[in-house]
Amino acid sequence: MSEIDVVLPDGSARTLPEGSTALDLAAQIGKRLAKDALCADVNGDLLDLNVALPPGALVSIVTPASARGREVLRHSTAHVLAQAVTRLWPGAHFAIGPSIENGFYYDFALPDDGRFSDDDLERLEAEMRVIVNEDQPFDRSEHTIEEGLELFRDQPFKVEIINAVALGASEEDLTEVASPSVVSAYANSARFVDLCRGPHVPSTARLGHFKLMRVAGAYWRGDEKNQQLQRVYGTAWESAAALDAHLLQLVEAEKRDHRRLAVDLDLLSFPHELGGGLAVWHPKGGIVRKQMEDYSRERHLHGGYQFVVTPHLANERLFETSGHLGFYRDGMYPPMELDNGTYYMKPMNCPMHCLIYKSRPRSYRELPLRLFELGTVYRYERAGTLHGLMRIRGFTQDDSHIYCTADQLQDEIASLLEFVMSVLRAFGFSDFTANLSTKNPAKYVGGHEIWEQSTEALRLALERFGLSYEVKKGDAAFYGPKIDIDVRDAIGRTWQLSTIQCDFNSPERFELEYVGADNQRHRPIMLHRALFGSIERFFGVVLEHYAGNLPTWLCAEQVRVLGVRDDHDAYATAVAASLAAHDVRVSTDVATEPLGSRIRKAKLEKIPYILVVGDDDVAKTTIGVNARGSNDPERGVRLDAFTTRLTLEIADHGSPEDH
RNA sequence: GCCUGGGUAGCUCAGUCGGUAGAGCAACGCAUUCGUAAUGCGUAGGUCAAGGGUUCGAAUCCCUUCCCAGGCUCCA
């Protein structure tokens, strides 16, 4: 019998009998690897373990505790879910079931327009465990288009996918089948076959560390005009420990949910009486927000911006001119009909800023003209999309509109990028990435040249700044290309905060002009930009980033002074007064309750510094300093030394945890 | 807007078969005077989201609306 050589990832070669599979290779390398192996990377393609290796192939064995291994586990678990559904709901149609971050989902159409309820998850999970225990193989087979259509004749979604791929109509469906001409299928048993490109684990027995999480509705092919399918989400891992760790992480993430923290820390609330998506800010939230706004104003003041103020509503003529009524009427609060016309709440500040620009003739000497406003806008977001502060119906943008010439664009954007990141860094973010959204050929206004020129200006500014970015083709708004800036937070989630958008539409619609050095009239380019995006959303992101342990400068209460006994209260009050004289936000909690109880209360409020003063301190003018995040208090600290340290920390935007 | 699940005291939740409202924490009062995450006792607190229906009787069953959660879609 002839032999073949294959190459391992470390560059070493292995010799195997011709016809050997990836599993044979794994077995030759080691018993343990053969036991762990899920599938194999052969010359860059992920394949099942039982395929014969071609001579000279570069092979790596994929094991469960790897990104690709988990992906295969999750996808295979999705097949098990589909089989469980077809067992419990005979006649169910199944659509697609990919692996996703941390797990998988699968979409179904149940017989008689049936719906899953939460109780069904338990039944499904039990059935899935039965399938896992049955140790069913994943048997791959390949078919012609005609055979595939016959094989899945009872599964309309599969038929649609096969046809779409055969016609070359859908690239994304290629993930479901082998190639445009070969239909691949995986059979777990005579009764369950699913269309799939693969690869899969060798047997269902290799699965088991999964949990079904929730049911949801999801539109076929993600289009709300299509049938809504029943989706089941699950999470799946390589081990019980990994699954438990994930579930624990979900619990931890819940603890830093801004909606939870907003209640616990008494920052703000969403009273039912107000209606959905509208918040009231309580005193403590009000202080934090004021700190954010003050900082923003301060930076803009020194950043060459001019402050403007505009009203919350306007006559409909304004929004006809701006085009908002034409394009976004559904997203606006409905009209107020009055004797002298029809009024709308403003969904954006830009039309108002254009009116300010237009209030008198402009010279090229004034450009770039940067108008800034903390402008509150109202958008009637669809009920199902609301999400705490992150998606809200009334919110305040740190909004600016910059009017400039095409020549000024690149410099303006480069300096804007610097400004944006400098401001975001002041709030503790340091990991940024950008997205550059380019023209959607199906939906845009403006000439080819201006799109090219400004997209290039955005791109060059990004490169000049050295910010890593991805190009999102066709993602631009109809009126111009844009840069969005994502930040990564303390637990690795990314949030889109800042946006810099070119607008070729508004200057046209408002007929904005400036007189150039050539004494001719020219049309300026307009930039929309927001750094926080919305103050509400930014507040939510910051709160979650710090899990409520805000840096000292942002905290509503920075210090609380506790006397050990009530005869220390006078000294505690004096300490507080001394700190307050340095603009520290400080309170005292008089000794009617035991010290331990008052300390606990202050810790739950996440106050950066709890100062405890007793006999020693009264005698020596010292304090006991209990810093947030630390379990051993410092005794006998001189008050003036602490005051210096604290005021420095506040000025530096630091936290007690930094020391 | 669509799918699923919810809404009981400020918060977290219990409330069985339809029989008329409960706990812990928080609040308030009194006592306690205490050196680093819960002192004790007591008091008060509810149109059970709102409205309608079924019933002798509804937190509980039905309908409508509002609000919330997780998804889908959307996000100028």
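Scope of the values below: all heavy atoms of this structure, side chains included, with no hydrogens, waters or symmetry mates. Naming convention: chains lettered A, B, ... in sequence-line order (proteins, then strands); numbering from 1 in each chain.
Taking the centre and axis of the six-membered ring of A:Trp89, the NZ or CZ atom of A:Arg123 falls inside the cone set by 45° and 6.0 Å. For the pair A:Arg74 and A:Phe104, the NZ or CZ position fails the cation-pi test of under 6.0 Å to the six-membered ring centre and within 45 degrees of the ring normal.
Contact annotation for A:Gly533: no contact, since no heavy-atom pair falls under 4.0 Å across all strands. Among the atoms of the strands shown, only primed sugar atoms or phosphate atoms (P, OP1, OP2) are found under 4.0 Å from some heavy atom of A:Arg260. Across all strands shown, A:Ala216 has heavy atoms under 4.0 Å from base atoms, whether or not it also approaches the sugar-phosphate. Using a 4.0 Å heavy-atom cutoff across all strands shown, A:Phe478 reaches no nucleic acid atom at all. When heavy atoms are screened at a 4.0 angstrom cut-off, A:Leu229 is found touching no nucleic acid atom at all. Base contact: A:Asp616 has a heavy atom under 4.0 Å from a base atom. Counting non-hydrogen atoms under 4.0 angstrom, A:Gly323 reaches nothing in the nucleic acid. Base contact: A:Gly331 has a heavy atom under 4.0 Å from a base atom. Residue contacts for A:Tyr479: at a heavy-atom cut-off of 4.0 Å it reaches the sugar-phosphate backbone alone, with no base atom in range. No contact: A:Gly114 has no heavy atom under 4.0 Å from any strand. Residue-level contact check: A:Arg598 touches neither bases nor backbone, having no heavy atom under 4.0 Å from any strand. Within 4.0 Å of A:His387, counting heavy atoms only, lie sugar-phosphate atoms of the nucleic acid but no base atom. Nucleic acid contact class of A:Arg231 (heavy atoms, under 4.0 Å, all strands): sugar-phosphate only. A:Phe116 comes within contact range of the sugar-phosphate backbone alone, with a heavy-atom separation under 4.0 Å but no base atom that close.
Among B:G1, B:G35, B:A69, the nucleotide with an atom closest to any side-chain atom of A:Asp617 is B:G35. Residue A:Arg565 has its side chain nearest to B:C34 when only B:U4, B:C34, B:G1 are considered. Listed nucleotides B:U33, B:A76, B:G71 differ in distance to A:Ala591; the shortest reach to its side chain belongs to B:U33. Here the side chain of A:Ile599 is nearest to one of B:G5, B:A37, B:U32, namely B:A37. When distances run from any side-chain atom of A:Arg393 to the nucleotides B:G35, B:A37, B:C67, the shortest one goes to B:C67.
Between the side chain of A:Arg382 and the base of B:G1 there is at least one donor-acceptor pair of N/O atoms closer than 3.5 Å. Taking 3.5 Å as the limit, the base of B:C2 and the side chain of A:Gln228 contain a donor-acceptor pair of atoms between them. Between the base of B:G1 and the side chain of A:Tyr219 there is a donor-acceptor pair shorter than 3.5 Å. A:Asp615 contributes no side-chain N or O that forms a donor-acceptor pair with the base of B:G35 under 3.5 Å. Applying the 3.5 Å distance criterion, the base of B:U36 shares a donor-acceptor pair with the side chain of A:Asn626.
Heavy-atom distances to RNA chain B give each of A:Arg379 and A:Asp566 a nearest nucleotide, and the one nearer the 5′ end belongs to A:Asp566. Taking the nucleotide of RNA chain B with the nearest heavy atom to each of A:Gln501 and A:Gly614, the more 5' of the two is matched to A:Gly614.
Between A:Lys482 and A:Asp484 a salt bridge is recorded (basic side-chain N to carboxylate O distance below 4.0 Å).
Here B:C68 presents its P atom at 9 Å from CG of A:Leu278, a figure rounded to the nearest Å. The separation between A:Asp632 atom CG and B:A37 atom C1' is 14 Å, rounded to whole Å. With rounding to whole Å, A:Glu273 atom CD is found 10 Å from B:A49 atom C1'. Between the C1' atom of B:G70 and the OH atom of A:Tyr105 lies a distance of 16 Å, rounded to the nearest Å. In this structure, A:Asp107 atom CG and B:U4 atom C1' are separated by 14 Å, rounded to whole Å. One interatomic measurement links the two molecules: CG of A:Asp223 to P of B:C72, which rounds to 15 Å at whole-angstrom precision. Separating the CG atom of A:Asp503 from the P atom of B:A76 is a distance of 13 Å, rounded to the nearest angstrom. The distance from atom CZ of A:Phe327 to atom P of B:C74 is 18 Å, rounded to the nearest whole Å.
Applying the Watson-Crick and G-U wobble criteria (two distances, each under 3.5 Å), B:C2 pairs with B:G71. Nucleotide B:C28 is matched to B:G42 when pairs are restricted to Watson-Crick or G-U wobble geometry with both distances under 3.5 angstrom.
Note: A:Leu579 CG to A:Thr643 OG1 = 4.5 Å, rounded to the nearest 0.5 Å. Atom CG of A:Leu313 sits about 10.5 Å away from atom OG1 of A:Thr310, to the nearest 0.5 Å.
Between A:Tyr479 and A:Tyr444, the distance from one ring center to the other does not fall under 6.0 angstrom.
For B:C2 and B:G46, the C1' atoms lie 35 Å apart once the distance is rounded to whole Å. Taking atom C1' in both B:A9 and B:G15, one finds a spacing of 14 Å when rounded to whole Å. The C1' atoms of B:U20 and B:U47 are separated by 14 Å, rounded to the nearest whole Å. If you take atom C1' in B:U65 and the same atom in B:A38, they sit 43 Å apart, rounded to whole Å. Spacing of C1' atoms, B:C3 relative to B:U12, comes out at 28 Å, to the nearest Å. If you take atom P in B:G45 and the same atom in B:A58, they sit 24 Å apart, rounded to whole Å. Taking atom P on both nucleotides, B:A59 is separated from B:G19 by 10 Å, rounded to a whole Å. Comparing the same atom, C1', in B:G42 and in B:A26 gives a spacing of 16 Å after rounding to whole Å.
With A:Phe532 as the partner, the ring-ring contact (aromatic ring centres under 6.0 Å, His included) test is satisfied by one option alone out of A:Phe395, A:Phe538, A:Trp495: A:Phe538.
Residue pairs meeting the salt bridge (Lys or Arg N to Asp or Glu O under 4.0 Å) criterion with at least one partner in residues 491-511 of chain A, sequence neighbours excluded, are A:Asp489-A:Arg493, A:Arg493-A:Glu544, A:Glu508-A:Arg523.
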Go through the steps for A:Glu649 and A:His659 under the test side-chain hydrogen bond (donor to acceptor under 3.5 Å, both in side chains), then give the verdict. CA-CA 10 Å; A:Glu649 179 178 295; A:His659 304 295; 2.6 Å; yes
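Heavy atoms from other residues, nucleotides or ligands lying under 6.0 Å from CG of A:Asn631 number 12 at most.
When all heavy atoms are compared, the tightest approach of A:Leu325 to A:Glu320 is CD1-CG, 3.8 Å.
Contact check, A:Arg214 against B:C3: no side-chain N or O comes under 4.0 Å of OP1 or OP2. Residue A:His568 has no polar side-chain atom (N or O) positioned under 4.0 Å from OP1 or OP2 of B:G35.
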Distances under 3.5 Å between nitrogen or oxygen atoms of protein and nucleotides 24-29 of chain B:
none

Only pairs under 3.5 Å count here: list side-chain donor-acceptor contacts from residues 471-478 of chain A, not counting sequence neighbours, and write none if there are none.
none

